[in-house]
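As a basis for the values below, the full set of heavy atoms in this structure was taken, side chains included, without hydrogen atoms, waters or symmetry mates.
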Amino acid sequence: MTATATPEFPKHLPVLDGFRALSILAVLASHMLPLGPSSWHLNLTFGYMGMSIFFALSGFLISRFLWEKQDIPTFFVRRVARIAPLVLLVTFIYCILLEGRFDAFVIINLYLQNYLVDALLPSVSPLWSLAVEMHFYIAIGLAIWVFGRRGFWLLPLGFLCVMALRIEGGVFGNINTHLRVDEILTGGLLALAWLNRDRPGIARAFAILPALFYPLLVLWALSCWPDVLLLGYGRSALSALLIGSVLMMKGGWQTRFLGTVTMRYVATISFALYVWHSPFRTFWFDTGTDIERYLMKRPLAFACIWALAHLSTFYFEKPILKAARNIKFGGRTASRQTDQ
């Protein structure tokens, strides 16, 4: 991939906030609400929905940053500052103080928990996804550091390798990086296409995406349903195409809804919601009858999660991210581009 003039690209895309908000809401629903009869597998489906969008967004935003600015030290500092402090705090509370599992604390903070699965205590089990993210950050950061923009060839090559492994093993979903990172990679491919959308072939492809929104929505939803293995192989691509279809819309209810202030707020605290929420579906919160759990304890759990997420986002994470953005490398200040 050669360097080309990049078309004007807005620093902030409100629809991505909306997608991020929907992804965390889907994950919370998957983990904490009864979503129909268990035979329908709707809880699993919502989980795949949330994570596929979350991963695709991550790939999009990371690839966009590195395409525009190959500042690898800044990239690594900002990624570590974004993830590590809150994970250290939460795992110290949940793994060490509440469960006495120092081994789990260490493994999670080395981002190996999606392979060393004994570390996945119920109170921190969703944190496997952060290992997939961190492995991608390391791989793409090193590739761009060594090869410059040519390192982005890792995205299509990696995607093909992961898909081959998934198809060979009949894998619908897995937490191992080499069987799950395709959802991040397709988000990165979407970003590269978007950043080079002035090219005629790419422009024509993007132009038809908005008209395909509803078929893509249906296919994507089905690809997240565990009973449809064959379509599940296309989940990563469908997630990226669905996001792309809305990015190309000039208006419509989709962009208005995804760009609301409410969705932006949920997106802002989404990472903290994700990291804090899991214990509130375990311990005391998971005892008693269904009525006690879902009509009494779960509303209290959601209130606690939301309060913790708000406080940690604005009073714990925000100062750390601000400090990270002010770290200088070679006389340059880290980009102040909005974290999404």
Side-chain angles (χ1 to χ4, degrees), residues 23-33 43 47 50-51 54 58 76-135 137-138 175-177 266-289 292-324 339:
S23 72
I24 185 58
L25 292 175
V27 169
L28 291 177
S30 168
H31 289 169
M32 303 190 69
L33 298 176
N43 284 80
M51 292 312 303
F54 172 80
S58 181
F76 281 133
V77 166
R78 289 186 65 182
R79 289 299 89 201
V80 171
R82 182 72 182 92
I83 292 177
L86 184 60
V87 173
L88 281 166
L89 173 63
V90 169
T91 53
F92 177 78
I93 294 171
Y94 294 162
C95 296
I96 294 181
L97 296 185
L98 294 182
E99 302 196 44
R101 288 288 303 275
F102 184 75
D103 60 327
F105 173 80
V106 171
I107 289 169
I108 290 169
N109 286 286
L110 290 177
Y111 301 95
L112 298 173
Q113 67 270 31
N114 64 328
Y115 286 98
L116 303 178
V117 294
D118 287 343
L120 290 177
L121 308 172
S123 59
V124 291
S125 59
L127 299 186
W128 65 265
S129 68
L130 303 183
V132 180
E133 292 265 327
M134 194 63 76
H135 299 163
Y137 298 157
I138 293 169
I175 67 173
N176 294 159
T177 300
V266 175
T268 300
I269 66 170
S270 62
F271 178 67
L273 286 171
Y274 185 75
V275 175
W276 282 110
H277 84 275
S278 192
F280 293 93
R281 60 182 179 140
T282 59
F283 303 123
W284 175 81
F285 289 95
D286 198 39
T287 60
T289 66
E292 290 174 327
R293 283 190 297 153
Y294 293 116
L295 295 184
M296 298 172 60
K297 295 184 179 182
R298 288 302 158 88
L300 175 61
F302 278 116
C304 293
I305 295 164
W306 228 265
L308 285 169
H310 180 91
L311 291 172
S312 67
T313 297
F314 293 104
Y315 299 103
F316 178 74
E317 298 168 71
K318 187 175 180 179
I320 294 171
L321 290 171
K322 183 178 180 181
D339 276 312

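- Under the side chain to side chain contact (heavy atoms under 4.5 Å, CB included) test applied with Phe271, the options Leu130, Ile24, Thr313 reduce to a single match, Leu130.
- In this structure, Phe54 and Tyr274 have parallel ring planes: the angle between them is below the 30° cut-off, well short of the 60° mark.
- The one candidate from Val124, Leu121, Val275 that meets the side chain to side chain contact (heavy atoms under 4.5 Å, CB included) condition with Tyr94 is Val124.
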### Query
Checking side-chain contact (heavy atoms from CB on, under 4.5 Å) for the pair Tyr115/His135: CA distance, chi angles, key distance, verdict?
CA-CA 12 Å; Tyr115 286 98; His135 299 163; 4.2 Å; yes
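- Taken to the nearest 0.5 Å, the CG atom of Asn114 stands 8.0 Å off from the CG atom of Leu120.
- In this structure, Gly50 and Val27 approach most closely via the heavy-atom pair CA-CG2, 4.0 Å.
- A heavy-atom distance below 4.5 Å is found between the side chains of Leu89 and Trp276.
- When atom types are taken as modelled, the side chain of Glu133 and the backbone of Ser58 share no donor-acceptor pair closer than 3.5 angstrom.
- In this structure the side chain of Leu88 reaches within 4.5 angstrom of the side chain of Phe105, judged on heavy atoms.
- The side chain to side chain contact (heavy atoms under 4.5 Å, CB included) search around Asp286 returns Arg293, Arg298, not counting sequence neighbours.
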Only distances under 3.5 Å count here; give the side-chain donor-acceptor pairs of residues 299-311 to other protein atoms, sequence neighbours excluded, each with its distance to 0.1 Å.
residue	atom	partner	partner atom	Å
His310	ND1	Tyr265	OH	2.9

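- Here the side chains of Ser123 and Leu98 are not in contact, with every heavy-atom distance at 4.5 Å or above.
- Residue pairs meeting the salt bridge (charged side-chain N to carboxylate O under 4.0 Å, His left out) criterion with at least one partner in residues 274-283, sequence neighbours excluded, do not occur; the list is empty.
- One distance of note links CZ of Arg78 with CD1 of Ile83; it measures 12.5 Å at 0.5 Å rounding.
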